Amino acid sequence: MNFTNGIALDGPAGAGKSTIAKIIAKRLGLPYLDTGAMYRAMALSALSEGVSLTDAEKVDELLNRTDIKVVYEPDGQHVLVNGEDVTGRLREEEIGKGASLISKLRCVRDKLAGMQRDIAHETHAVLDGREIGTFVIPETPYKFYVTATAEERALRRVRQLEEKGETPDYQLILKDILARDYQDSHRDYAPLKQAEDAVLIDTTHMTIDEAVEAVLTALEAK
Ligand code: DC
């Protein structure tokens with residue numbers, strides 16, 4: 001199989017995309033690119049500089065003096081902002097919400113999507129995100145839309161937090177998930193949506209292994 005333009009896995013937060021994308025990448029011997037980490041790094045940068053995440057002009061000015069790099073270490077992908085490794089701070093809830101907000105800006109999306117496109121073409125990576133198949137590498141024939149019901153995604157998040165010793169509130173988490181879905185799929189520019197030629201993988205009643213097999217089978221059939 002020749003994945004010249006990369007492999008796209010899109011879908012809402014918490015559907016299992018990144019876990020599936022990482023395993024697929026490993027099985028195929030390709031790099032994995034977590035594109036959300038790049039939006040998270042930009043949100044972190046704006047928050048630490050006191051720049052409003054919705055102020056297009058100020059964010060554009062910040063973008064021009066921000067050097068974002070993606071590097072691979074033995075433990076996986078790291079993101080550097082002006083040379084500083086910010087990877088450890090990117091998974092916080094606030095940063096995720098900030099990423100969803102800042103990603104609405106055209107200037108942010110054009111810069112980061114351009115970098116992602118170059119990485120996909122150069123390395124034939126597996127990319128996970130929201131608009132990879134519709135906007136970043138629409139030319140790839142290898143597109144998947146990985147989803148699950150909001151209730152199931154909220155339950156999975158609750159279990160994850162419980163494993164970390166936290167006592168999460170299911171209703172609050174569900175509300176956050178629905179708000180993020182709405183924001184990601186209703187922005188004007190390159191919203192989250194299933195590409196017409198994407199294979200739908202609904203993981204609501206699937207294990208990760210089953211979802212991985214479904215993706216690999218679909219790739220082989222192409
Ligand atoms: O996948 P994630 O939770 O790390 O993404 C955080 C936010 O970044 C997501 O809510 C919307 C934005 N994002 C995007 O617009 N496009 C991508 N390819 C990846 C993330």
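If you're wondering where the values come from, they're calculated on a predicted model, not measured in any experiment. All ligand and atom numbering here is 1-based and tracks the order in the structure. Residue numbers run from 1 in the order of the sequence given.
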What is the nearest protein non-hydrogen atom to atom 13 (N) of ligand 1, stated with its residue, atom name and distance? Tyr39 CD1, 3.7 Å

If hydrogens are left out, which of Arg187, Gln183, Glu131 has an atom nearest to atom 18 (N) of ligand 1, that is, the closest non-hydrogen atom? Glu131

Any donor-acceptor pair under 3.5 Å from Gln77 side chain to Val70 backbone: no

For Arg91, the ligand 1 atoms whose distance to one of its heavy atoms is below 4.0 Å: 4 (O)

So, is Lys17 polar-close to ligand 1, with some N/O to N/O distance under 3.5 Å? no

To which protein heavy atom is atom 3 (O) of ligand 1 closest, and what is the distance rounded to 0.1 Å? Arg40 NH2, 2.8 Å

Counting non-hydrogen protein atoms only, what is the nearest one to atom 1 (O) of ligand 1? Give residue, atom name and distance. Arg130 NH1, 3.0 Å

Does any N or O in the side chain of Arg117 come within less than 3.5 Å of the main-chain N or O of Val136, such that one atom is a donor and the other an acceptor? yes

If I take atom OG from residue Ser52 and atom CD1 from residue Ile102, how far apart are they, to the nearest 0.5 angstrom? 8.5 Å

The complete set of ring-ring contact (aromatic ring centres under 6.0 Å, His included) pairs with one or both residues in residues 135-160, sequence neighbours excluded, reads Phe3-Tyr142, Phe135-Tyr189

Against heavy atoms of Gly36, which atoms of ligand 1 measure under 4.0 Å? 4 (O), 5 (O), 19 (C), 20 (C)

Does Thr203 use its side chain to pair, donor to acceptor, with the backbone of Met206 at less than 3.5 Å? no

Is a donor on one side and an acceptor on the other found under 3.5 Å between the side chain of Lys111 and the backbone of Leu63? yes

Looking at Leu192, is its backbone amide N or carbonyl O close enough to the side chain of Asp184 to form a donor-acceptor pair, meaning the two atoms are under 3.5 Å apart? no

Apart from Leu174 itself, residues in the same hydrophobic cluster as defined by side-chain heavy atoms under 4.5 Å: Leu155, Val158, Leu161, Tyr170, Ile173, Ile177, Leu178

N or O pair under 3.5 Å between Arg109 and ligand 1: yes

If you count the atoms of ligand 1 from 1 in the order shown, which ones are under 4.0 Å from a heavy atom of Gly129? 17 (C), 18 (N), 19 (C)

Is the closest heavy-atom distance from Met42 to ligand 1 below 4.0 Å? no

Nearest protein heavy atom to atom 10 (O) of ligand 1, by residue and atom, and its distance? Asp184 OD2, 2.8 Å

Identify the closest protein heavy atom to atom 12 (C) of ligand 1: which residue and atom is it, and at what distance? Ser103 OG, 3.6 Å

Is there at least one pair of N or O atoms, one from Arg180 and one from ligand 1, spaced under 3.5 Å apart? yes

Arg187 side chain near Arg109 side chain, heavy-atom distance below 4.5 Å: yes

